[in-house]
Amino acid sequence: MKRKKLTWLFCLFFTAFFFLAPAVAHASAKDDIGKYDVTVNILKNGDAEVTHEVTYNLSKKANQLTLPQSISGTDGVYSVSVSVVSGSRKIRLKQGTSHKKNTFETKQTRKKLEITTYGNYGTNPLKFTYVYRLHGLVTNYKDCAEVNWRVISSNLTVPQRNVGIHFVLPQKKVRFLRIWNHGNLDTAKTNVSFGKGRVDVSLKQNPAHQSLRCHLLFPAGVTPENKKVVKQHSKEHIEAIEDKRLEKSVRKRERKKNTYNIIRFAWLGAVALSILSWFIYLIKHPIKQKIAMPDPEYSYDLPKYPAEFAEVIMTNNKPTPRAFAAYLLELAFEKKVTIETVPNSKNDFYIKLVDKGILHGNELLRLLFGRVGRKGRFTLKDLESFSQNDRQRLRLSSAFDKWAEDVLRRARNTGYYDRKGEKRTRIAVIWCIANIPFTVACICMFLDKLPVAILLAVLIIFCGFLISRLYRNRETYTAGGITMRYRLLCLKKTFEDIRRMNLEPVKDKVLHEQLVPYSIVFGSSRNTIKALKTNFPAKRLQIVFESYYFPVFIFSDGDYAASLSEGLMSAIAPIKIDKMNTNDDLSVKFKKSLLEKLRKK
C-alpha cells in the first residue's frame, strides 16, 4: 500500500513537471529546418543573386520537399538551380516536370515561388542549396534606393533554427545604410557595416508560418543601372514611417518584457511563499519520528484481538494467507468450522462448515465453501484444482484481497495506526512534490539571473532531501500502537525460542486453544507444536485440543499452517511468490517447488 502511494505521488510529480517545464527546443519527433541561411547579393542593375542554404531534419522518409518563397514586389525569378548534399556527395538536380529522382520543378505566380525537389529522402540531415536571380528587387528614388522583401515566407510550414539573412551591396563604404525588420524578432540580432556595404540579420529560431520581412535603405548611386525608378524623394517619408513602426514595436516589446517580468516575479513570490508556508507547516505539524524500543522480553500474554489483527499490527500492511490459516483455526475454536486430516493424504485437510452465519458478508468463505469445495467443505487439493482456471483464480484472488482489506480496516480501528499523523505526512509530501515542478519552471524563467536560479535549485533540493529523510524515518503508530507492537514483538520472541523453554511453570498460560493461531502468524507453529509435545504428554494435549484441532496439529507436526497458507498463495497469486511472508514450516522447500512449476508452465 505504501509503495502504491509513493508511486502515485512520483507519477503526479513527473506529470506536473513535463506539463510546466517550458519547451525551449523543437520536438525531435517533428520535421524542422536546422539551418536557414539566405545570402542576397544585390547587383548594380537592381536585381539580386539569391542563395538559400537550407538543412532539413526529417522525422520520416519523404519523396519530395517544397521551399515556398515570397516574390511580392519584385519582377519575378529566373535562372533557378538546386543542389543537395547527401552524405559526402553533392548532387546537382535537373529541372523538369518528370518528378523523377534528383529533379526539381518551379511554380511561379505574381506573389510567390515554389521550388519542389524530388528524391528518396531519409531521416539524415539534408543540405539543399537553392540559387536564383531575383529581378527588380531594388527600387531607386531620387534620394535613396529601397529593398522591401519578405525573405522568409509565412507559407513555410516547419520551424527554422539558426536563421541567417545577409544583404551584400555592390559597393563598399556607403554613406548611409539602414534596415528595419518585421517578424518574430525576440531572438533577432542585426549588424550593419557601412564600410563593407553589408547587413547581417540572425535569429536563433523562427516559428512555422511566421514571415520575416527586411526593409533596407541605401544611396541610389549603389545601383546606378537600375531601371526600376520612381522620380520622387522618399527617404524621409520612408524613415518616418519605419521609425514610427519601430518605436511602436519597441514599446510593444517593452510591454511584453514588463509583463513577462511581472509574471515571473509573481511566480517567484508564489513559489517562495509556498516553500515558506511548507516549512511553517512542518514546524507546526512535525512528522513524528521513530523512537528506539527496548529489546523484546519473553511474554506469554496473548492480545485481546484476533491473530490476523496481530499480523496487521506487526507489519502495518494487509494480512497474508498465513493469517487466513490462523483465522480458520479461530473459527474452529469458536466451533463454526471443523478441521480434520484427509485419510491417507500427507498435509491435506478437510475444512468443514458448521455455522453458516460466518458466510454473511464474507465473499472469500462463500467462495471456498460454495464453489471451491462441495457439500460445505473444501481441501487443499480442491484449491489447487479450482485455481487451474485463470478466471476462477482471479475471482479467488479478488475475494482474498477483499477479506484482507476488511481485516486491515478493522485492525486499524483498534487505534494502533496514527491516521492523523499519516494524513499530515501525506499533506507535507504532496505539498513538497507539488512545489518541485513549479520551482523548476521558476528556475527556467530566471536563467538570466543565475544567483536566483541557483538559490532556488539549492532550496528545492534541500526540501526534497529533508522530506525524504523525514518520510523514511516517520512513525506510523500511535503511542498505544507502539505499546501494542512491542508486546507482539515480545510474544514473537517467545515463540521463536519456545522449543528451548520449560513450559511446565507456565502451563496455565500456554495451554490455551488460542495459543497456536498466534504462533502461525509469527511463523512458529512447528516450533510451538514440538515444544508442547516435548513438555506435555499427548494424553494431556488431547484433552485440551481434542474438541478443536488436536489431530491436525499433533499428528501433522504443525504442517497445517504452511500447507494451507502456501496452498492458498499458490491458488490466488503464484506470481507473487516472492512476496510470501512465510519463513517457517517448509516454506523454502515450497517456494522452490512452486517456482519450478512456474518455469515448466
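Checking R474, K288, R412 one by one against D418, the side-chain contact (heavy atoms from CB on, under 4.5 Å) holds for a single residue, K288. Between V163 and the options V38, I33, I152, a side-chain contact (heavy atoms from CB on, under 4.5 Å) holds for only I152. Screening L217, I42, T74 for a side-chain contact (heavy atoms from CB on, under 4.5 Å) involving V147 leaves a single residue, I42. Shown are N41, T39, D37; of these, the side-chain hydrogen bond (donor to acceptor under 3.5 Å, both in side chains) with H166 is made only by D37.
Formation of a donor-acceptor pair under 3.5 Å by the N162 side chain with backbone atoms of G34 is found in this model. A donor-acceptor contact shorter than 3.5 Å is absent between the side chain of D47 and the backbone of L43. Side chain of Q289 to backbone of I287: a donor-acceptor contact under 3.5 angstrom is found. A donor-acceptor contact shorter than 3.5 Å links the side chain of T425 to the backbone of G421. Here the side chain of D143 pairs a donor or acceptor atom with the backbone of S234 at under 3.5 angstrom. Judged by distance alone, the side chain of S398 and the main-chain N or O of L394 form no donor-acceptor pair under 3.5 Å. At distances below 3.5 Å, not a single donor-acceptor pair connects side-chain atoms of E49 with backbone N or O atoms of V131. The backbone N or O of A270 lies less than 3.5 Å from no partner atom in the side chain of S274, so there is not a single donor-acceptor pair. Looking at N148, its side chain never comes within 3.5 Å of a backbone N or O of H215 through a donor-acceptor pair. In terms of modelled atom types and a separation under 3.5 Å, the side chain of N63 and the main chain of N120 share no donor-acceptor contact.
The two residues D75 and G136 come nearest to each other via the heavy atoms OD2-CA, 3.6 Å. Of all heavy-atom pairs between G122 and L58, the closest is O-CD1, 3.6 Å. Between F218 and V138, the shortest heavy-atom distance links the atoms CZ-CG1, 4.0 Å. Smallest separation of non-hydrogen atoms from P68 and S153: O-CB, 3.8 Å. Here the closest heavy-atom approach between residue S154 and residue S211 is recorded as N-CB, 3.8 Å.
By the ring-ring contact (aromatic ring centres under 6.0 Å, His included) test, H99 pairs with Y118, sequence neighbours left out.
By the neighbour-count criterion of 12 heavy atoms within 6.0 Å, atom CZ of R419 is densely surrounded, having more than that number from other residues, nucleotides or ligands. Residue K228 qualifies as enclosed at atom NZ: its count of foreign heavy atoms under 6.0 Å is above 12. Crowding of E236 atom CD: a count of heavy atoms from other residues, nucleotides or ligands under 6.0 Å not exceeding 12.
Annotation: side chain of L396 is not in contact with side chain of Q392 (no heavy-atom distance under 4.5 Å). Here the side chains of H52 and Q69 are in contact, with some heavy-atom distance below 4.5 Å. Between L65 and T116 there is no side-chain heavy-atom pair separated by less than 4.5 Å. You'll find the side chain of T190 reaches within 4.5 Å of the side chain of V192, heavy atoms only. For the pair P224 and K44, the minimum side-chain heavy-atom distance is below 4.5 Å. In this structure, V82 and T129 have side chains that are not in contact, with every pair of non-hydrogen atoms separated by 4.5 Å or more. Side-chain atoms of Y132 and S79, non-hydrogen and from C-beta on, never get closer than 4.5 Å to each other. No side-chain heavy atom of F167 sits less than 4.5 Å from a side-chain heavy atom of L177.
By the 6.0 Å and 45° rule, K235 stacks over the aromatic ring of F176. Relative to the six-membered ring of F194, R175 misses at least one condition, a distance below 6.0 Å or an angle of at most 45° to the axis.
E114 and K112 are joined by a salt bridge, as a carboxylate oxygen and a charged side-chain nitrogen come within less than 4.0 angstrom of each other. Salt-bridge annotation for D243 and R245: absent, with no side-chain N of the basic residue lying under 4.0 Å from a carboxylate O of the acidic one. Between D448 and R264 a salt bridge is recorded (basic side-chain N to carboxylate O distance below 4.0 Å).
Using the six-membered ring where Trp is involved, Y130 and F128 have ring planes that are parallel, under 30° apart on the 30 and 60° scheme.
Defined by atom type and a distance below 3.5 Å, a donor-acceptor pair is present between the side-chain atoms of Q160 and N206. A donor-acceptor contact closer than 3.5 angstrom is absent between the side chains of N45 and N226. A donor-acceptor contact closer than 3.5 angstrom is absent between the side chains of R92 and S83. T223 and N140 are linked by a side-chain donor-acceptor pair at a separation below 3.5 angstrom, with hydrogens and angles left out of the test. E242 and H237 form no side-chain donor-acceptor contact under 3.5 Å, judged by distance and modelled atom types alone. With 3.5 Å as the limit, one finds a donor-acceptor pair spanning the side chains of E146 and Y141.
From L408, atom CG reaches atom CG of N316 across 7.5 Å, with rounding to the nearest 0.5 Å. Residue E239 holds its CD atom at 11.5 Å from CG of L246, rounded to the nearest 0.5 Å. Rounding to the nearest 0.5 Å gives a distance of 13.0 Å between SG of C432 and OH of Y281.
Between F265 and F446, the ring center distance clears the sub-6.0 Å criterion.
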Between N191 and V201, is a side-chain contact (heavy atoms from CB on, under 4.5 Å) present by the stated rule, with each step listed?
CA-CA 6 Å; N191 181 44; V201 180; over 6 Å; no
